[in-house]
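Each remark here refers to the structure printed beneath this line.
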Amino acid sequence: MEQKIIEIIAEYQDRNVSEYNADQTFVEMGLDSLDLAELILQLEDSMGITVDISPKYNTPAKLAKLIEASQK
């Protein structure tokens with residue numbers, strides 16, 4: 001899941017996946033609140049899920065854990 005999130009971010013920013021890691025915050029990745037909203041929409045569309053994001057899920061790793069927990 002972490003890798004999928006990173007791939008979406010890299011594609012969105014037209015950058016290489018290797019420039020990111022799962023523990024970087026979305027701000028460190030160069031995403032603002034509008035970018036994050038777009039990321040969530042892309043995740044929802046590609047995976048058929050609904051994601052409610054909060055500031056405590058501020059890295060791909062944390063967001064992946066939230067998504068995985070919601071799918072159980």
For T59 and A22, work out which heavy atoms get closest and say how close. CB-O, 3.5 Å
Could you note down all residue pairs passing salt bridge (Lys or Arg N to Asp or Glu O under 4.0 Å) where residues 24-46 supplies at least one of them, sequence neighbours left out? none
According to salt bridge (Lys or Arg N to Asp or Glu O under 4.0 Å), does anything in residues 11-25 pair up with another residue at least two apart or in another chain? List the pairs. R15-E19
Heavy atoms only: give me the nearest N16-A10 pair and the separation to one decimal. C-CB, 4.1 Å
K62 side, atom NZ; I5 side, atom CD1 - distance, nearest 0.5 Å: 13.0 Å
From L43 atom CG to I67 atom CD1, the distance as rounded to the nearest 0.5 Å: 5.0 Å
Applying the 4.5 Å side-chain criterion to the ILVMFWY set and letting contacts propagate, would V17 and L31 be lumped into a single cluster? yes
Separation between CD1 (I8) and CD (Q42), nearest 0.5 Å, reads 6.0 Å
Same hydrophobic cluster for L66 and V27, using side-chain heavy-atom links shorter than 4.5 Å among ILVMFWY? no
Below 4.5 Å, heavy atoms only, C-beta onward: do M29 and P60 meet side chain to side chain? yes
Begin with the C-alpha distance, continue with both residues' side-chain angles, and end with the deciding distance and a verdict on side-chain hydrogen bond (donor to acceptor under 3.5 Å, both in side chains) for Y20 and Q3. CA-CA 10 Å; Y20 304 99; Q3 188 62 31; over 6 Å; no
CD1-CE distance between I6 and M1, expressed to the nearest 0.5 angstrom: 12.0 Å
Just how far is it from atom CZ of F26 to atom CG of N58, taken to the nearest 0.5 Å? 7.5 Å
Quick one: are L63 and I40 in side-chain contact, heavy atoms under 4.5 Å? yes
Would you compute the distance between atom CD of E2 and atom CD of E7 and round it to the nearest 0.5 angstrom? 12.0 Å
